[in-house]
Every structure is written in C-alpha cells, then in structure tokens.
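Report on the structure given below.
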Amino acid sequence: MHVRDLPLPGPILEHYESGGIETLYPPQVAAVEAGVTEGERLVAAIPTASGKTFIAELAMLTADGPALYIVPLRALAREKYETFAELPGVSVGISTGDFDATDEDLVEEDIVVATAEKVDSAIRNGASWVESLACVVVDEVHLLGSEGRGPTLEVTLATLQRRAPGLQIVALSATVDNPEDIADWLDAELVETTWRPVSLRTGVYADGDVTFDDDSTLGVDADAAGPDGEDETEATAALVADAVANGGQCLAFVRSRREAESLADRLAREELTGASPADCDALAEEVRELGATETCSRLAGTVESGVAFHHAGVRSEHRALVESAFRERRLKVICATPTLAAGVNVPARRVVVRDLKRYTGERMAWLPVLEVHQMCGRAGRPHLDPYGEAVLVSGTDGGPDADELWDRYVTAGPEAVQSKLAARDALRTHVLSVVASGFADSRAGVVDLLDATFFAHQSPDVDRARLVDSVVAELAEMEMLDAGGGTGDGADGTDRLAATELGGVVSRQYVTPETGARLVAGVETAAAMDAANVTELTALEVVCDTPDMQGTYLGNRERAAMYRFASTHAAEFTTGLNDADDFEEWLCAVKLARIFADWTAGESVETIVDRYRIGPGDLEARLERVEWLLGAADAVAAVVDADLPVFREVRDRI
DNA sequence: GTGACCGTTCTCTAGACAGCATGTC
DNA sequence: CTAGAGAACGGTCAC
C-alpha cells in the first residue's frame with residue numbers, strides 16, 4: 001500500500017514523502033484495512049518502532065474533529081508534541097503537569113498531547129477541551145495493568161467513552177498476552193503482529209558464548225573471568241565492548257542505580273574505541289554546566305569516555321541530555337536502570353540485560369517479561385543497523401540459570417494485562433472523582449460508569465453495586481461524600497450522592513482520599529496547637545506524612561540522628577514521638593521535612609544531596625511534589641476553616 | 001611498624017503522574 | 001519458594 005493512496009490532505013502527503021515514507025509497513029496496512037482512516041476503533045498490539053506513531057497520525061488526521069493523544073510520561077509527551085508539530089497545517093497543544101497550556105488554548109488545537117493523569121484531572125475540573133474530541137489515541141495501553149496508574153487510565157477512557165459514544169479510540173499496545181481483551185472492551189478491531197522493520201535476535205549468554213533464538217552463536221572473550229569465577233559483570237563488559245568495537249551503540253540494563261554508575265565507571269576506564277575525544281569533552285562540559293553535585297561530576301567523568309549512566313537519581317535535564325546525545329551517536333554506551341526500558345526513543349545496536357531479578361520491598365523477584373521485552377525491543381535502529389541484538393546474561397553459581405532465562409524470557413510470551421481497579425484505594429479515589437465531577441449523582445450512576453471499565457469487562461461476575469456501596473460508605477465516613485441518608489439499596493428512593501466541599505477539594509486537587517484525610521487531621525491538629533509552635537516544620541511534616549508524598553530511604557546511620565532531631569523539635573510536630581501509626585514511616589516524613597526546611601533555608605543542592613544521600617533527580621522530583629501537596633493542604637485548610645497561612649507561605653518559599 | 005591480602009560483616013536496593021495562579025519572552 | 005553486590009571492617013602474615 002502506498003502513502004499517496006491514503007485519504008490525506010496534499011501537504012501532509014508531501015510531508016510524508018519528503019520524509020522518505022512511501023510505502024506502508026505491514027502493520028500499518030493492517031490498520032488501514034481495519035478502518036483507522038474511517039473512524040473505526042482499533043487496538044494495535046505491535047512492537048515498538050514498527051510504525052505506531054504513523055498509525056496514530058492517520059487516525060488523528062482523518063478524524064472528524066480534534067484529537068487527543070494520551071501518553072504515560074511527560075518526556076514522551078514532549079517527544080510526541082515535537083513530532084506532531086512538524087505536520088503541516090496542524091496545530092498541536094501539550095498539557096502535562098510541568099508544561100501546561102490554558103483551557104482556551106487547547107480548545108483551538110487539532111491535536112492535544114497529554115498524560116493520562118492530566119486528562120483525568122482536566123475532566124475532574126470540567127475543562128471544555130475534552131468535550132469536543134472526535135478521536136483519542138492511547139499510547140502504551142498495556143499500562144492498564146500497572147498497579148498505580150492503570151486504574152486512572154481505564155476510568156478516564158470509560159468516562160470519555162460515556163461522554164461521547166461515537167468517539168474513535170485507537171489504542172497502541174506493546175505485545176501482550178491478551179490484546180483481544182482490550183479490543184473487546186473498547187469494541188475495537190485488533191491488529192496484532194510481531195513484525196519489525198529491523199530484525200531482532202534475542203540470546204542468552206552463558207559460559208563465554210551467546211546463543212541466539214535464530215540458532216546463531218557469538219563467542220565472547222571475557223578474558224578476566226577465571227575458571228571458577230564466571231562473572232556477569234565481566235561478560236556484560238565484554239559484550240558491550242564487542243558491540244562498540246563493531247561500530248554499534250549499546251545499552252546495558254542493571255538492577256540498581258549504584259550498579260549503573262559503577263558499570264559506567266568501569267566501562268569508561270576501559271577506554272572503548274571509537275569515542276571521539278573532542279566531542280566527548282564537549283559533552284562532558286555540557287554535563288558540568290548543569291550542576292555541580294557529585295553525581296553530576298561522576299557523569300561528566302564517564303561521558304568523557306563516551307559512556308553514560310541513566311537512572312532516576314540523575315536530574316531530568318541530564319537524562320534528557322544523555323538521551324539525545326545517544327541518539328546523535330555522540331555517546332557509545334548507556335548503563336541504565338529500567339528507566340530507559342519504556343519512554344523516549346533510544347535505540348541501540350545491542351542491548352545487554354545483566355540483572356533479571358530485582359529487589360521488590362522484601363524479596364528478589366523476576367522482572368516482568370513485558371518489561372524485559374521492552375528493554376530488548378530497544379535493539380536495532382531502523383535505517384542504521386542491519387539488525388538488533390538483545391542479550392540476557394546468565395551467571396553460574398547462584399546467578400540466574402541460562403535455561404531458566406531462555407524459558408522465561410525468550411520462549412515464553414509476555415504476561416496478560418490485568419485490571420487493577422479492584423484495589424481499594426484506586427476504587428476510592430475514582431468513585432470520589434466520578435461523583436465530585438458531577439458525572440454521577442447516585443450509586444446507580446457510579447455503578448453504571450464502573451460497568452464501562454476494563455475491570456468490569458474482565459471480571460463481570462463481581463457484584464459492583466455492593467462494591468460501590470462499601471466504597472461510598474468509606475468515603476462518607478471520611479466526610480467526602482454525602483450519601484443523603486439513604487440506605488443505598490435504592491428501595492427508599494433516596495439514592496442520592498453528592499460530594500462534600502472537602503470531597504470536591506480533594507478530588508480537584510488530585511490527591512487521594514487518604515491523603516485528603518491525613519491533611520484534614522494534620523490541619524486540625526495544627527490549628528489546635530499553640531500558635532508559636534506552628535512553624536515551617538509543622539506544615540512540612542503534615543504534608544510529608546501522606547501517601548501521596550513518596551518517602552525516602554532512611555539509612556541505619558541516619559536513624560539515630562533523625563530521632564534526635566525529631567525529639568528536639570517535638571513541639572512543632574502534629575504527631576507525637578510515641579503515637580505515630582508507623583514510626584519508621586513517620587521518621588522518613590521527618591527526614592523529608594528536614595530536607596525541605598534546609599532547602600528553604602537556602603542550602604545548595606550539593607549540600608543537601610550530600611547530607612541526606614539522595615540523588616539530585618530525587619530532590620527535584622520531591623520538591624515538585626511538596627509544592628503541590630502544600631497547595632492541597634492550603635486548600636484543605638480553607639475548607640476546614642482553619643486560619644493557617646503556613647502552608648501557603650512555605651509553598652511560596654519553596 | 002607497615003602494607004598486601006583475605007575473609008567477614010554491614011549496608012542497601014526501580015520508577016514517576018498530578019494543582020493553581022502569576023509572570024515572562 | 002526466593003538475594004546478593006559491594007563497601008567497610010578487621011585480622012593475619014610477610015617483610
């Protein structure tokens with residue numbers, strides 16, 4: 001099928017042709033045959049880099065009205081925004097937490113790119129641009145199955161569908177086990193394929209050799225590995241060096257941040273061939289200009305040899321710099337944690353996955369197959385590499401066994417996508433938001449919306465009315481919903497539901513009901529305290545001790561010092577030293593409060609990062625969050641009639 | 001006394017979305 | 001059903 005046969009405006013066709021796109025890839029042909037250009041709904045479960053964006057563009061450009069493109073990451077939003085902005089005659093807007101356009105601007109746009117949460121929030125706040133949509137594209141729909149964020153996505157999609165039944169929905173998914181489930185739910189055609197524009201072979205390394213799934217093999221010269229100490233790191237280094245020596249770029253995935261950094265250090269010392277010194281020095285200079293923390297200078301150091309590390313402790317600006325430098329081939333290697341598995345486009349000739357297990361809270365667990373496949377899928381750059389290679393590294397004694405890796409990740413398919421909306425807290429926040437936004441005003445209305453979710457589609461037998469009843473009861477208990485005194489069975493005709501003022505604020509501020517409740521409690525305690533004791537620390541403690549504020553790690557050495565700090569400032573805290581529900585968690589909150597207090601006192605990033613042993617990227621993320629939560633606390637304080645300007649003041653200081 | 005070497009214990013662990021009101025190029 | 005890397009520490013021994 002030829003591009004010029006597509007029902008697109010002339011300038012757009014020229015744009016594609018000048019970009020070298022003439023014939024469609026097989027998945028794209030399938031999408032057109034399924035009717036993407038005629039307003040048909042579609043679920044495309046195809047590998048990354050096989051032309052998903054083009055399918056999305058086809059849908060959006062042929063839709064009879066404005067389109068919305070939903071992404072899971074801010075960085076991805078920016079990337080897509082830039083791509084779409086190149087389309088001639090098409091206006092594009094972007095809406096994410098850090099990059100926001102006004103409501104009026106967005107109504108004007110042909111295409112709006114936004115994160116799922118932002119769309120959810122826009123719906124809650126009654127934004128008008130969501131009203132007139134003709135087409136919605138959902139990127140990475142398989143995130144439906146993710147614990148924290150899947151529920152938001154499915155409720156948002158259910159709401160959008162209920163608002164505009166004729167809406168065209170195009171969902172793009174990685175290859176998963178049950179794409180037909182998603183297609184059924186959305187009442188869409190399914191296009192499923194494993195076709196890729198660049199062939200990919202996946203292999204497992206064991207004892208000096210890689211065996212690929214196309215029966216080819218590769219000898220690896222891991223010279224330093226002694227007879228008894230077969231070392232995964234050694235093998236990884238050799239695999240990386242080999243790829244670079246053959247003129248390719250390489251991505252190495254490891255388990256933790258520290259290991260990403262130490263692997264990068266190591267590879268940098270080995271002086272991989274091919275890195276142009278002048279260029280690397282220039283890049284290192286750019287890195288140094290963006291900060292003076294230890295992490296930063298360490299990164300600059302490895303970059304000098306054409307190697308970088310990438311994880312969430314690194315500032316987002318540094319991460320973006322590393323990503324683009326790699327795309328421009330100025331960097332040879334990136335050692336990364338799974339940050340890089342999904343996200344912006346960073347393809348490489350070879351991908352090496354060294355650690356296939358990860359520590360999760362209390363135990364070591366295998367990485368999900370889907371995640372590993374996404375890492376491997378980064379191998380092979382269209383038009384640049386003849387092929388892509390992904391290598392999983394197995395170890396001997398104690399390490400992952402080669403056969404096990406083969407069975408688990410090469411032979412076996414990915415997991416099925418499973419709705420996580422049944423989780424209590426997810427249900428609570430979404431039931432509240434559905435009522436608060438005026439979408440439903442009765443239990444029956446809530447159940448009705450719930451019926452349209454992926455959850456209901458997957459578990460039709462769950463008694464949703466009963467579920468709603470119990471969740472409503474909890475929210476009423478928290479004084480966020482007004483259940484109108486009815487019993488909820490509808491028999492007495494009093495099935496009326498309304499959000500209380502508090503419920504409305506909690507929903508619009510986009511905090512979870514639990515956080516809302518904690519804020520209320522904190523604000524009330526603070527209001528009852530001796531005014532002289534209500535300080536910056538008070539406000540920070542209240543806000544940091546909520547589920548929406550992600551905690552930090554509290555090292556054993558720090559604990560004693562933190563306890564002492566808590567004791568000396570006990571009068572300023574809303575929680576007594578002895579009556580915290582979870583003392584450990586509370587100490588973490590205190591640590592964060594202390595970090596932010598240092599920040600407002602004017603301490604430099606370098607000092608804070610050093611003193612509390614957190615990454616500059618973590619600090620950055622946390623600061624964004626406190627600011628938001630302090631705003632929410634301020635709004636809650638207004639509802640409970642507490643005269644506490646502290647929250648606002650501290651927020652301004654931050 | 002000093003330093004190389006080696007076994008033992010201790011420490012620590014991925015990621016990242018959202019509000020709102022002004023101000024600014 | 002399930003951990004394991006690496007730093008820090010501490011001790012031994014040769015010179």
Side-chain angles (χ1 to χ4, degrees), chain A residues 70-77 95-100 102-103 114-125 127 143 146-153 156 231-233 253-263 265-266 310-314 316 319 336-343 354-368 371 375 395 397-400 404 429 433 505-512 515 548-550 552-559 613 615 617-618 620-622 624-636 638 647-648 651-652:
Chain A
I70 300 178
V71 290
L73 265 57
R74 291 173 178 179
L76 222 42
S95 179
T96 63
D98 60 342
F99 198 97
D100 206 8
T102 64
D103 214 32
T115 54
E117 286 75 10
K118 193 66 188 190
V119 178
D120 184 25
S121 154
I123 293 172
R124 293 188 194 187
N125 289 286
L143 252 60
S146 90
E147 199 94 27
R149 306 179 58 199
T152 312
L153 188 55
T156 302
D231 185 1
E232 286 100 320
T233 307
F253 287 101
V254 295
R255 176 179 35 198
S256 70
R257 298 173 176 187
R258 198 167 65 181
E259 281 161 56
E261 294 189 21
S262 73
L263 181 62
D265 270 345
R266 199 204 137 137
H310 188 288
H311 59 67
V314 179
S316 51
R319 277 186 270 169
T337 57
T339 5
L340 221 56
R354 195 196 69 186
D355 299 328
L356 279 305
K357 278 185 168 183
R358 186 195 299 139
Y359 186 81
T360 57
E362 42 207 35
R363 65 170 181 279
M364 221 60 183
W366 288 104
L367 295 189
E371 199 172 313
M375 291 176 186
D397 45 40
E404 190 164 10
T429 85
S433 95
V505 164
V506 165
S507 174
R508 279 194 302 277
Q509 291 289 321
Y510 214 82
V511 293
T512 58
T515 293
D548 276 327
M549 182 75 222
Q550 195 215 16
T552 33
Y553 189 83
L554 188 60
N556 280 330
R557 291 219 189 91
E558 286 173 298
R559 188 166 290 112
R613 287 184 298 166
D618 298 305
E620 205 174 64
R622 302 295 146 76
E624 234 174 63
R625 230 187 261 223
V626 238
E627 210 182 324
W628 158 45
L629 287 170
L630 283 166
D634 186 54
V636 165
F647 296 106
R648 169 152 237 109
R651 203 194 71 163
D652 292 344

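This one's a predicted model, so the numbers in the text were calculated from it and none came from an experiment. Proteins come first, then strands; the chains are lettered A, B, ... in the order of their sequence lines, and each starts at number 1.
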Tell me the interatomic distance from A/Arg625, atom CZ, to B/dA16, atom P, rounded to whole angstroms.
10 Å
Closest-nucleotide 5' rank along DNA chain B - winner of A/Thr115 and A/His311
A/His311
Once you round it to whole Å, what is the distance between P of C/dG6 and CG of A/Asp265?
12 Å
Separation of atom CZ in A/Phe253 from atom P in B/dA14, rounded to whole Å
15 Å
Residue-phosphate contact under 4.0 Å: A/Thr337 side-chain N/O, B/dG15 OP1/OP2
yes
Suppose we define a pair by two distances each less than 3.5 Å, Watson-Crick or G-U wobble; what does B/dT22 pair with here?
none
Under a 4.0 Å N-O cut-off, is there an ion pair linking A/Glu404 with A/Lys357?
no
With P as the reference atom in both, quote the distance from B/dA14 to C/dA7 in angstrom, rounded to an integer.
16 Å
Base-pairing assignment for C/dC13 (Watson-Crick or G-U wobble, both under 3.5 Å)
B/dG3
Under 4.0 angstrom, heavy atoms only, what part of the nucleic acid is A/Leu629 near: base, sugar-phosphate, or nothing?
nothing
Please determine, for C/dA3, whether a Watson-Crick or G-U wobble partner exists with both distances under 3.5 Å, and give it or none.
B/dT13
Could you tell me how far apart A/Phe99 (CZ) and B/dC17 (P) are, to the nearest whole angstrom?
15 Å
Taking CD from A/Glu261 and P from C/dG6, how many angstroms apart are they, rounded to a whole number?
13 Å
Choosing from C/dA5, B/dC20, B/dG15, which nucleotide comes nearest the side chain of A/Arg255?
C/dA5
Classify the side chain of A/Gln550 and the base of B/dA16 as holding, or not holding, a donor-acceptor pair under 3.5 Å.
yes
Applying side-chain contact (heavy atoms from CB on, under 4.5 Å) to A/Asp618 and A/Thr552, what does each step give before you reach the verdict?
CA-CA 9 Å; A/Asp618 298 305; A/Thr552 33; 5.9 Å; no
Are A/Tyr359 and the base of C/dG4 stacked, counting only ring centres nearer than 5.5 Å and planes tilted under 30°?
no
Please tell me if A/Arg257 has a side-chain N or O lying less than 4.0 Å from either OP1 or OP2 of C/dG6.
no
Can you tell me how far C1' of B/dC17 sits from CD of A/Glu147, to the nearest Å?
15 Å
Using every non-hydrogen atom in the two residues, find where A/Ser95 and A/Asp100 come nearest and quote the distance to one decimal.
OG-OD1, 3.4 Å
Quickly work out the A/His310 NE2 to B/dG15 C1' distance and round it to whole Å.
11 Å
For A/Arg508 and for A/Arg319, locate the closest nucleotide of DNA chain B by heavy-atom distance; then report the residue assigned to the nucleotide nearer the 5' terminus.
A/Arg319
What does A/Asn125 touch in the nucleic acid at a heavy-atom separation under 4.0 angstrom: a base, only the sugar-phosphate, or nothing?
sugar-phosphate
With no hydrogens and no angle check, is any side-chain donor or acceptor of A/Arg625 less than 3.5 Å from a backbone partner on A/Asp548?
yes
Within the 4.0 Å heavy-atom criterion, would you say A/Ala312 contacts the bases, only the backbone, or no part of the nucleic acid?
sugar-phosphate
NA contact type, A/Arg648, heavy-atom cut-off 4.0 Å: base, sugar-phosphate, or nothing?
nothing
What nucleic acid atoms does A/Thr96 come within less than 4.0 Å of, heavy atoms only: base, sugar-phosphate, or nothing?
sugar-phosphate
A/Arg74 side chain near B/dA18 phosphate (N/O to OP1/OP2, under 4.0 Å):
yes
Proximal nucleotide (of B/dA16, C/dA5, C/dA3) relative to the A/Glu259 side chain:
C/dA5
Under 4.0 Å between any heavy atoms, over every strand shown, what does A/Arg124 touch: base, sugar-phosphate, or nothing? Just pick one.
nothing
A/Pro151 and A/Ser146 have their tightest heavy-atom pair at CD-O, 3.6 Å
Expressed as a whole number of angstroms, how long is the span from A/Asp548:CG to B/dA18:P?
13 Å
Is it the case that A/Arg74 places NZ or CZ above or below the six-membered ring of A/Phe99, under 6.0 angstrom from the centre and within 45 degrees of the axis?
no
Nearest heavy-atom approach of A/Phe253 to A/Ala341 is CE2-N, 3.9 Å
Counting side-chain heavy atoms from CB outward, which of B/dA14, B/dA18, B/dC20 is closest to A/Trp628?
B/dA18
